[in-house]
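Report on the following structure.
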Amino acid sequence: MAIKLRIRNLKSREAGVVAFETEPEALAWLKARPAFVDVIGAAGQTPIPMDVQDRLRTAMRPLDAVERLAEAELDTSIAQEHVKREAEARQRETEMHEKHKAAMNTADPERLMEVYWRFDTGMRLTDANDPRPIPEEAKEAILAWIAERNEWVAGRGQTVGECTVKVWPGKLPSKDSDRVKEGKFTPVSHSEPK
């Protein structure tokens, strides 16, 4: 049976795959495993039977002291890089958040407002950085929108459980515009909301 193994070089960090036509070839290579070449596991989509895996594991020349030190240094280096990448990602996220927060404070107050409503918690803006209060006219329009959807689903024994609605907070863009521009809702059975 053909056997493929994933390997990595403990010094260069180069990763690759070694392939063998037969199990004896793989066993011979593992016994004489090249210096600083670490076997990570099986490669390929065909699973290697457990008894063959056990024989391969047993045959592999263990890492010597110098190789173990190289492995520890490589693993430490990889872990440090991971920590650094995570810190950089958090920093970018914080910067983007601050930028967005600043943009919200200077954005057009008449822009569309996205509001989330849930039967047991009421209304809130979906963007926590949007400093605008939800005007009474907008609240009334949202409640009317919800009431209309309740009529749609009442025949199925359901009611609106939650919804997200985009609403004009102040001046409408035109005299033909509805205050609620669009929305989506999730119906629940009457027995669900407690």
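- No more than 12 heavy-atom neighbours from other residues, nucleotides or ligands sit within 6.0 angstrom of CD on Glu93.
- Here the shortest heavy-atom pairing between Pro169 and Arg132 reads CG-NH1, 3.7 Å.
- When all heavy atoms of Ala19 and Lys4 are compared, the pair lying nearest together is CB-CG, 3.9 Å.
- The pair Glu88-Arg85 does not count as a salt bridge, with every side-chain nitrogen at least 4.0 angstrom from each carboxylate oxygen.
- A distance of 12.5 Å separates CD of Glu137 from NZ of Lys139, quoted to the nearest 0.5 Å.
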### Task
Run the numbers on Glu140 and Leu143 for side chain to side chain contact (heavy atoms under 4.5 Å, CB included), then give the verdict.
CA-CA 5 Å; Glu140 289 168 13; Leu143 292 174; 5.8 Å; no
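- Val18 and Leu30 end up in the same hydrophobic cluster when Ile, Leu, Val, Met, Phe, Trp and Tyr side chains are linked at under 4.5 Å.
- A continuous path of ILVMFWY side-chain contacts below 4.5 Å connects Ile7 to Met60, so both sit in one hydrophobic cluster.
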### Query
Run the side chain to side chain contact (heavy atoms under 4.5 Å, CB included) check on Trp117 and Ile146 step by step: do they pass?
CA-CA 9 Å; Trp117 175 90; Ile146 293 168; 3.4 Å; yes
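- Here the straight-line distance linking atom CG of Asp54 with atom CZ of Arg57 works out to 5.5 Å at 0.5 Å rounding.
- Leu74 and Val66 end up in the same hydrophobic cluster when Ile, Leu, Val, Met, Phe, Trp and Tyr side chains are linked at under 4.5 Å.
- A distance of 7.5 Å separates OG1 in Thr22 from CD1 in Ile3, rounded to the nearest 0.5 Å.
- Counting heavy atoms from C-beta outward, Met113 and Pro135 have side chains that approach closer than 4.5 Å.
- Nearest heavy-atom pair, Ala138 versus Trp168, reported as atom, atom and distance to 0.1 Å: CB-O, 4.4 Å.
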### Message
As a quick check of understanding, evaluate salt bridge (Lys or Arg N to Asp or Glu O under 4.0 Å) for Arg8 and Asp75, giving each step before the final call.
### Response
CA-CA 12 Å; Arg8 68 173 178 170; Asp75 289 343; 3.2 Å; yes
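- Considering all non-hydrogen atoms of both residues, Leu125 and Val115 come closest at CD2-CG2, 4.0 Å.
- Interatomic distance, Glu182 CD to Leu112 CG, rounded to the nearest 0.5 Å: 7.5 Å.
- The closest side-chain heavy-atom distance from Lys166 to Glu114 is below 4.5 Å.
- Counting only heavy atoms from C-beta outward, the side chains of Glu73 and Ser77 never approach each other to under 4.5 Å.
- Taking the six-membered ring where tryptophan is involved, the planes of Phe185 and Trp145 are perpendicular, since the angle between them exceeds 60° and thus also 30°.
- Heavy atoms only, all atoms of each residue included: Pro62 and Arg33 are closest at O-NH2, 3.2 Å.
- For the 3.5 Å distance criterion, the side chains of Glu86 and His82 qualify, holding a donor opposite an acceptor.
- Under a 3.5 Å cut-off, the side chain of Glu110 and the backbone N or O of Lys171 do form a donor-acceptor pair.
- Put simply, OG1 on Thr186 and CZ on Arg149 are 13.0 Å apart, with the number rounded to the nearest 0.5 Å.
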### Task
Check step by step if salt bridge (Lys or Arg N to Asp or Glu O under 4.0 Å) holds for Glu71 and Arg68.
CA-CA 5 Å; Glu71 180 185 43; Arg68 283 197 304 275; over 6 Å; no
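- Cluster annotation: Leu56 and Val39 are assigned to the same hydrophobic cluster (Ile/Leu/Val/Met/Phe/Trp/Tyr, side-chain heavy-atom contacts under 4.5 Å, transitive).
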### Task
Output, in order, the C-alpha distance, side-chain angles, deciding distance and verdict of side chain to side chain contact (heavy atoms under 4.5 Å, CB included) for Glu23 and Ile48.
CA-CA 10 Å; Glu23 181 184 336; Ile48 298 174; over 6 Å; no
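- Within a 6.0 Å radius of CD in Glu21, no more than 12 heavy atoms belonging to other residues, nucleotides or ligands are found.
- Residue Pro187 comes nearest to Arg156 through the heavy atom pair CG-NH2, 4.5 Å, listed as atom of the first residue, atom of the second, then distance.
- Rounding to the nearest 0.5 Å places OH of Tyr116 at 12.5 Å from CE of Met123.
- In the hydrophobic clustering of ILVMFWY residues, with side-chain heavy atoms under 4.5 Å counting as a link, Ile142 and Val160 come out together.
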